[in-house]
Number of protein chains: 2
Amino acid sequence: MIDKKSPMPLYFQIEEAIKQKIEKGEWITGTMISSEREFAENYEVSRMTVRQAINNLVNDGYLTRQKGKGTFVSAKKIEQKLLGLTSFTEDMRSRGYRPASKLISFQTISANQRLAKALEIPENQKIYEIKRVRLANDIPMAFETTFVPAQLLYLQESHIKEGSLYSEVENAGFKIDYATQSLEASIARDAESEILEITKGAPVLLIERQTFLTNGMPLELVHSVYRGDRYKFMIDMKR
Amino acid sequence: MIDKKSPMPLYFQIEEAIKQKIEKGEWITGTMISSEREFAENYEVSRMTVRQAINNLVNDGYLTRQKGKGTFVSAKKIEQKLLGLTSFTEDMRSRGYRPASKLISFQTISANQRLAKALEIPENQKIYEIKRVRLANDIPMAFETTFVPAQLLYLQESHIKEGSLYSEVENAGFKIDYATQSLEASIARDAESEILEITKGAPVLLIERQTFLTNGMPLELVHSVYRGDRYKFMIDMKR
DNA sequence: TATAACTAGTTGTCTATACCAGTCAGAAAA
DNA sequence: TTTTCTGACTGGTATAGACAACTAGTTATA
């Protein structure tokens with residue numbers, strides 16, 4: 001259950017164990033979980049370690065504490081879904097599609113004024129330009145161009161083809177923090193209509209996303225052209 | 001500085017002290033703050049107490065930790081802007097436009113199957129249908145159709161014309177909690193192109209929003225058609 | 001000169017313990 | 001029977017210390 005020799009921190013293992021019980025429905029909303037002292041005894045760890053695990057779950061909204069009473073499973077929150085800063089892959093999976101990508105081009109270019117500003121780097125600095133077609137069940141869904149400052153991490157074509165960009169980012173020790181997006185309706189241009197296999201003049205959804213790391217540095221600028229006939233952008237917002 | 005006799009927890013006092021330095025600009029973005037051991041010594045508390053204070057500030061986005069290096073002041077927080085569940089009026093104001101509305105029609109209709117489902121009411125129940133043109137600096141920006149269950153609150157044409165729908169909702173003692181939205185690109189149909197003063201076939205952004213109250217009841221279903229050439233939907237998301 | 005080992009500093013994890021502050025049920029007192 | 005108190009539970013705060021993992025600069029070594 002809990003492996004004291006594992007390189008994973010004990011509190012993290014406990015955290016995952018509790019999270020699983022909740023997500024598997026074993027502990028439903030309102031269930032009072034074991035007390036901190038009970039956990040400590042069962043897992044043979046100190047109470048403070050249990051508290052660290054529970055703290056994280058409280059912060060993530062899985063649990064709520066009540067002094068003198070106990071710790072309870074929260075109502076399943078929209079917030080998990082909320083504000084989903086998701087990748088194309090996650091997004092499509094959650095819709096029940098099989099996501100895939102086709103790399104169109106991968107090259108290193110010099111930042112023009114607009115890119116330099118968006119990525120907060122000096123002009124003419126090197127950046128990667130990644131062009132991909134995004135597929136859902138083998139049907140073209142979007143044409144995506146990603147710009148990443150080359151100084152931030154070293155990328156090769158194989159990284160893009162085999163893994164996701166975001167896993168490379170995490171390998172490099174960075175963490176994604178937030179993004180600002182803009183969405184607008186437009187009309188497919190020649191090149192886009194061909195790649196997306198739609199007629200010229202068909203409606204498309206243009207999405208531009210700027211992603212930031214926890215240290216405040218911009219990670220990427222992504223320009224996407226989604227097929228208007230196949231893609232709906234879904235979002236939940238809380239007051 | 002820190003009052004050990006105060007009923008306020010020590011970690012909370014330390015938390016506030018650090019937060020103040022950041023908010024007053026004394027510690028700017030990127031500043032490395034004192035190490036946990038230094039704080040502990042200065043304040044004459046244990047390191048774990050300092051950690052609790054810093055933990056909270058990290059969770060709130062004020063600080064970021066880097067193992068082996070130190071703890072640093074984060075880039076400006078964006079959470080306030082985040083999560084904007086805003087009305088058209090607020091949205092336009094924040095962009096520097098002068099918002100206005102023109103009421104096209106106001107009537108009571110019976111819920112068809114789709115509306116009944118979206119508003120979680122029995123079929124054929126009465127609902128208000130409000131059609132409005134939304135203007136920014138007197139230029140048509142969107143054509144909006146709102147559906148509200150009549151049982152929820154009593155509405156008159158004057159309410160819509162003079163005040164906002166949301167203020168009526170609050171007067172009735174309800175509180176808006178969250179909304180789910182979908183956005184997609186499309187093409188202006190005849191009626192829409194006329195009202196929005198654009199050519200037929202011009203790109204438009206279709207936004208459908210379902211708003212829920214704190215008690216979980218749906219308040220409204222809003223279907224909007226925004227001009228693709230004038231409107232960009234902006235959103236910030238946090239990981 | 002280049003490389004490896006060391007060192008002092010940082011945050012990260014974990015322990016064992018203590019006492020405080022609410023909650024609630026059952027025992028004792030009215 | 002009703003009220004009050006007590007005790008055993010809950011999470012909340014705080015301590016002092018230990019060692020691990022990582023960073024960056026310095027020193028010793030090949």
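All values below were derived from every heavy atom in this structure, side-chain atoms included, with hydrogens, water molecules and symmetry-related copies excluded.
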- Task: State which residues pass ring-ring contact (aromatic ring centres under 6.0 Å, His included) with A:F233; sequence neighbours excluded, sorted by chain then number.
- Result: none

- Task: Using the test ring-ring contact (aromatic ring centres under 6.0 Å, His included), find all partners of B:F72 that sit at least two apart in sequence or belong to another chain.
- Result: none

- Task: Could you tell me from which nucleotide to which nucleotide of DNA chain D, 5' to 3', there is an atom under 4.0 Å from chain B heavy atoms?
- Result: D:dT13 to D:dA24

- Note on the structure: Sorted by number, residues from residues 34-45 of chain A placing a heavy atom under 4.0 Å from DNA chain D are A:S35, A:E36, A:R37, A:E38

With sequence neighbours excluded, residues passing salt bridge (Lys or Arg N to Asp or Glu O under 4.0 Å) with [X]:
| X | value |
| --- | --- |
| A:K117 | none |
| A:E208 | A:R114 |
| B:E26 | B:K21 |
| A:E184 | B:K232 |

Expressed in angstrom and rounded to an integer, what is the separation of [X] atom [atom1] from [N] atom [atom2]?
| X | N | atom1 | atom2 | value |
| --- | --- | --- | --- | --- |
| A:R51 | C:dT15 | CZ | C1' | 15 Å |
| B:R47 | C:dG9 | CZ | C1' | 12 Å |
| B:Q66 | C:dT10 | CD | C1' | 11 Å |
| B:I33 | C:dT10 | CD1 | P | 12 Å |
| A:N55 | C:dT13 | CG | C1' | 14 Å |

- Message: Show, in sequence, the C-alpha distance, side-chain angles and deciding distance for A:E123 and A:Q113, and conclude whether the side-chain hydrogen bond (donor to acceptor under 3.5 Å, both in side chains) test is met.
- Response: CA-CA 6 Å; A:E123 230 169 299; A:Q113 200 186 348; 5.1 Å; no

- Message: If you count heavy atoms of other groups shown closer than 6.0 angstrom to CD of B:E41, is the number above 12?
- Response: no

- Item | Which residue lies more 5' along DNA chain D, comparing A:M48 with A:G68 via nearest heavy atoms |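 By nearest-heavy-atom nucleotide position, the 5'-most residue is A:G68.
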
Does the side chain of [X] get closer than 4.0 angstrom to OP1 or OP2 of [N] through an N or O atom?
| X | N | answer |
| --- | --- | --- |
| A:Q52 | C:dT13 | yes |
| B:R65 | C:dT10 | no |
| A:K4 | C:dT15 | yes |
| A:S46 | C:dT17 | no |

- Kindly write out the residues that satisfy side-chain contact (heavy atoms from CB on, under 4.5 Å) with A:D91, not counting sequence neighbours, or none if the list is empty. A:T86, A:S94, A:R95, A:Y231

- side-chain contact (heavy atoms from CB on, under 4.5 Å) against A:D138, all qualifying residues, sequence neighbours excluded: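 A:D138 satisfies side-chain contact (heavy atoms from CB on, under 4.5 Å) with A:R98 only.
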
- Near DNA chain C, which residues from residues 11-21 of chain A have a heavy atom under 4.0 Å away?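 Those residues are A:Y11.
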
- Applying ring pair (Phe, Tyr, Trp, His ring centres under 6.0 Å), which residue pairs with at least one partner in residues 23-50 of chain A are found, sequence neighbours left out?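 Passing the test, one end in residues 23-50 of chain A: A:F39-A:Y43.
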
- Message: For a quick check of understanding: with a heavy-atom distance under 4.0 Å over all strands, which category does A:I54 fall into, base, sugar-phosphate or nothing?
- Response: nothing

